[in-house]
2 protein chains.
Amino acid sequence: MKPSVVTSEPNGHHCDDCAVRGAAVCSSLDAAELREFEHLGRRVHFDSGETVFSEEDITTSFYNVLEGVMRLYKLLPDGRRQIVGFALPGDFLGMNLSGRHNFSADSIGVVKVCQFPKGPFGRFIEDRPQLLRRINELAIRELSQARDHMVLLGRRSADEKVATFLLGWRERLVALNGPSDMVALPMSRQDIADYLGLTIETVSRTFTKLERLGVIEIIHGGISLLDPARVEAMAAA
Amino acid sequence: MKPSVVTSEPNGHHCDDCAVRGAAVCSSLDAAELREFEHLGRRVHFDSGETVFSEEDITTSFYNVLEGVMRLYKLLPDGRRQIVGFALPGDFLGMNLSGRHNFSADSIGVVKVCQFPKGPFGRFIEDRPQLLRRINELAIRELSQARDHMVLLGRRSADEKVATFLLGWRERLVALNGPSDMVALPMSRQDIADYLGLTIETVSRTFTKLERLGVIEIIHGGISLLDPARVEAMAAA
DNA sequence: GCAGCCGATTGACCCAGATCAAATTTGGCT
DNA sequence: AGCCAAATTTGATCTGGGTCAATCGGCTGC
């Protein structure tokens, strides 16, 4: 939200100790390539609520999320907001055709990214088709998720939306941190509403309803899934 | 909708006389490659309402639309449908990670596609990074469209949805056939409703309303845009 | 400890768009 | 041309989720 104050750590970073090395774009590179790749990017730190890039900005960099959560969103002229996704460690951002970002991204809590200037990164890809293939894989996966989300936005009820969101978000956290029924929700209720095409009030009421039904417990900074099966039943329709 | 009866024309087809050669994936190939590519695929004809492929089917082929319109959709278990897009000539279908299609596709009116078996096509791409780059471009463009559609589904009113749809559809037709204020709508009202996350009644009423306002005229098989500027104003919010 | 703030919750009411129910138009077929 | 089935339009009514308006509750700074 505020102008982004970027703190970079020009030195002392290595892909070796990078938590997302195996999952991110980098997974397509061998040890030697990784060493070269390392010098292309630099780690950048964002405090909570900073803008990483804005829709319509000229794309100058690609980003690999290392740590934290980002909201990715589009705004209508009158201020209505649709969150098109949340980025987590391992996600790759910045691909586009027009040379401009087609959504905005800002940090939810502290975020660390690996930032690659567009030019050098483009040249590095040039003669590494396996990296291009990896990027293509990530794009296709996102496309599939985008279509699932269209179904949710266009055809699901508020209850189904919230239940589906909780399960999907849990799945992503599980893939990162291992199984747990505690689901951390670092984003605000407004963020969840803007992701699901609802209002903050409806999200809040639905959470309360799920808690009263005994299927979740609302805890500080998230929820606890008491009855995953019932939540799945609500999500399925 | 019916089981798909496929009529193929094994011979007598050439990329030379292909209408979409310049626009589709093929645009990344030179003359020699195009000749080789030609032998990989075959033209397949579908009558109106036939299923080209279904969600969850194992992917056996990729498709390049040559002629006609297809609806691409996902179904919820209880039958609710969300159309995730319409495919027009030049569109490339079948990319996925799981080895299964993640949506269904059927023809709206007569459709001709160029069908490529997955294996040979995959091998052909292998040492042609510029084709991979082209496919990547198409994926990224679709991703951008998918995000725009999320905004529409999650945050726009019925009037805005319909107006936005008419303008967007016109733009696609103009890109194919050149400028015109006649907008052919080969899909049914139900298809439009399922694309916009509305009911058929709301779509019908909105069309009637636009006609009464004098900004469109409902004609056989489509509409005529009488006042594009007013429609744009309605779409913008 | 407590004042002030901001996010979240809760309540009361409303309305855009869904649902239900007829017409009406269109399109194939013979 | 004439008949049936399907698609579309139109009307009447209902309701899920939005809007407006208080609280509530948890931090922060003093």
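Order of the sequence lines sets the chain letters (A, B, ...), proteins ahead of strands, with each chain counted from 1.
- Regarding I218(B), its CD1 atom lies at a distance of 13 Å from the P atom of dT25(C), rounded to whole Å.
- Here the P atom of nucleotide dG25(D) and the CD1 atom of I219(A) are 18 Å apart, to the nearest Å.
- Whole-Å rounding puts the E201(B) CD to dA12(D) P distance at 15 Å.
- For a distance-only test at 3.5 Å, the side chain of R205(B) qualifies as a donor-acceptor partner of the base of dG11(D).
- Using cut-offs of 30° and 60° on the angle between ring planes, the pair H101(A) and Y63(A) is tilted.
- Comparing H220(A) and A158(A) by the nucleotide of DNA chain D whose heavy atom lies nearest to each, the residue mapping closer to the 5' end is A158(A).
- A cation-pi arrangement is found for R189(A) relative to F207(A), the charged atom lying closer than 6.0 Å to the ring centre and inside a 45° cone about the ring normal.
- In this structure, G197(A) reaches the sugar-phosphate backbone alone: every heavy-atom distance under 4.0 Å involves primed, P, OP1 or OP2 atoms, never a base.
- Nearest to the side chain of L198(A), among dG18(D), dT10(D), dC20(D), sits dG18(D).
- In this structure, Y195(A) has its ring center no closer than 6.0 Å to that of Y73(A).
- Residue contacts for T208(A): at a heavy-atom cut-off of 4.0 Å it reaches the sugar-phosphate backbone alone, with no base atom in range.
- Atom P of nucleotide dT8(D) and atom CG of D194(B) are separated by 12 Å, given to the nearest angstrom.
- Atom pair L185(A):CG and dA8(C):P shows a separation of 10 Å (rounding to whole Å applied).
- On a pure distance criterion of 3.5 Å, no polar donor-acceptor pair joins the side chain of Q190(A) and the base of dC6(C).
- Straight-line distance from the CE atom of M187(B) to the C1' atom of dT8(D): 16 Å, rounded to whole Å.
- Below 30°, between 30° and 60°, or above 60°: for F62(B) and F92(B) the angle between ring planes is below 30°, a parallel geometry.
- Taking atom CZ of R80(A) as the reference point, atom P of dT19(D) lies 10 Å away to the nearest angstrom.
- A sub-4.0 Å separation between OP1 or OP2 of dG18(D) and a side-chain N or O of T199(A) is present.
- Within the 4.0 angstrom heavy-atom criterion, only backbone atoms of the sugar-phosphate kind lie near S188(B); the bases stay farther away.
- With salt bridges taken as basic N to acidic carboxylate O contacts below 4.0 Å, none links R43(A) and E67(A).
- When distances are taken from the side chain of T202(A) to each of dT8(D), dA21(C), dG18(D), the shortest belongs to dG18(D).
- Between the CG atom of L196(A) and the P atom of dG16(D) there is a distance of 19 Å, given to the nearest Å.
- Between the side chain of R212(A) and the base of dT9(C), no donor-acceptor pair under 3.5 Å is found.
- Look at S204(B) and you won't find any side-chain N or O under 4.0 angstrom from OP1 or OP2 of dT8(D).
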